[in-house]
Asks: 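Here it is: the structure, laid out below.
Below, chains carry the letters A, B, ... as their sequence lines are ordered, and counting in each starts from 1. Just the heavy atoms: all of them, side chains too, but no hydrogens, waters or symmetry mates, feed the values below. All of these numbers come straight from a predicted model, not from anything done at the bench.
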2 protein chains.
Amino acid sequence: MNLDKTMRMNYLYDFYQSLLTPKQRSYMSLYYLEDYSLGEIAEEFDVSRQAVYDNIKRTETMLEQYEEKLLLLKKFQERQQLVLQLKSILDETQASDEIKQIVDTIEKLD
Amino acid sequence: MNLDKTMRMNYLYDFYQSLLTPKQRSYMSLYYLEDYSLGEIAEEFDVSRQAVYDNIKRTETMLEQYEEKLLLLKKFQERQQLVLQLKSILDETQASDEIKQIVDTIEKLD
C-alpha cells in the first residue's frame, strides 16, 4: 500500500466520514484504519472482492471531491503550522502557563 | 426577517456554499446576502414565488444537515473564542509583535 496515500485517506476519512454511508464507513475503516485486505473485507461482508474494490475507489473519489470543495484538511494543516510556529516562539520567550494552555487547546481542535 | 436566523444562515452559507447547486447559491445569496424579497427573486428568474420559497426552505434544511454532520460553524466559533481569549491575555502581557502577528493570522482563518 502507498503510505502517503494511506495517510491522506486516513485524514480525509477523519474529516468527512460523517458524509459517507454506513457501508462506505465500514469498508474504509477496515481497509485504511485496520489494514484489512480487500479479500478479507469481501469475506466479512459476503460480497465479491471486486464489489469492495469498486466501493472503496468510489469513496476515495468522493472524499477528494469533498476536500476540493471544503478544504478541511488543507485549512487544518495551515492552522497546525501556525500553532506550531506560535508554540516554538512561546517556548523561547517563557510565556505564561495560561497562554500555553490556550495554545495547546487550539492545537487539539480539528 | 428573523435577524438571528439571517445571521446563522449567512454563516452556514459561507461554510457550505460549495456543496450547493448554482441555483441554490443564486437564490440564497440574493435572499440572505442582498436582501431581495421572494417576489423579486421569482421575477428575476421568471419562476413562481412558491418555487423560490420551496427551494430556499430546502436549502436551509440542507445547510443545517451539513452543520449537524460537519460542525464547521460550531468549531469555528470555538476556535474564535480561544483566539480572543489569547489576544486579550497577550495584550495584557505586552507580547512581541511576532506573536501578535501569528495570532492575528490564526484569527483570520475560517
Asks: Is there a path from Tyr36(B) to Leu20(B) through hydrophobic residues (I, L, V, M, F, W, Y) whose side chains come within less than 4.5 Å of each other?
Replies: yes

Asks: With a 4.5 angstrom heavy-atom cut-off, could you sort out which part of Ile89(A) is near chain B: side chain, backbone, both or neither?
Replies: side chain

Asks: Give a yes or no on whether Lys23(B) atom NZ has more than 12 heavy-atom contacts from other residues, nucleotides or ligands under 6.0 Å away.
Replies: no

Asks: Write down the atom of Ile102(B), the atom of Leu82(A), and the distance for their closest heavy-atom approach.
Replies: CG2-O, 3.6 Å

Asks: Find the one option among Thr105(B), Leu86(B), Leu90(B) whose heavy-atom pairs under 4.5 Å with chain A are most numerous.
Replies: Leu86(B)

Asks: Are more than 12 heavy atoms from other residues, nucleotides or ligands located less than 6.0 Å from atom CD of Glu78(A)?
Replies: yes

Asks: Between CG of Leu19(B) and NZ of Lys69(A), what distance do you get to the nearest 0.5 Å?
Replies: 6.0 Å

Asks: Within the supplied structure, the quantity of interest is the number of heavy atoms (other residues, nucleotides, ligands) at a distance under 6.0 Å from Tyr11(A) OH; does it exceed 12?
Replies: no

Asks: Pick one of side chain, backbone, both or neither for Leu72(A), based on which atoms fall under 4.5 Å of a heavy atom in chain B.
Replies: side chain

Asks: Using 0.5 Å steps for rounding, measure from the CD atom of Gln85(B) to the CD atom of Gln101(A).
Replies: 10.0 Å

Asks: Between Leu109(B) and chain A, with a heavy-atom cut-off of 4.5 Å, which part of the residue counts as in contact: side chain, backbone, both or neither?
Replies: side chain

Asks: When rounded to the nearest 0.5 angstrom, what distance separates CD1 in Ile99(B) from OG1 in Thr93(A)?
Replies: 4.0 Å

Asks: For Phe15(B), which atoms come within 4.5 Å of any heavy atom of chain A: side chain, backbone, both, or neither?
Replies: backbone

Asks: Would you say Glu43(A) has more than 12 foreign heavy atoms packed within less than 6.0 Å of its CD?
Replies: no

Asks: Is it the case that more than 12 heavy atoms not belonging to Gln81(A) sit under 6.0 Å from its CD atom?
Replies: no

Asks: Can you tell me if Lys74(A) has over 12 outside heavy atoms packed within less than 6.0 Å of its NZ?
Replies: no

Asks: With only heavy atoms counted, which part of Leu70(A) is less than 4.5 Å from chain B, the side chain, the backbone, both or neither?
Replies: both

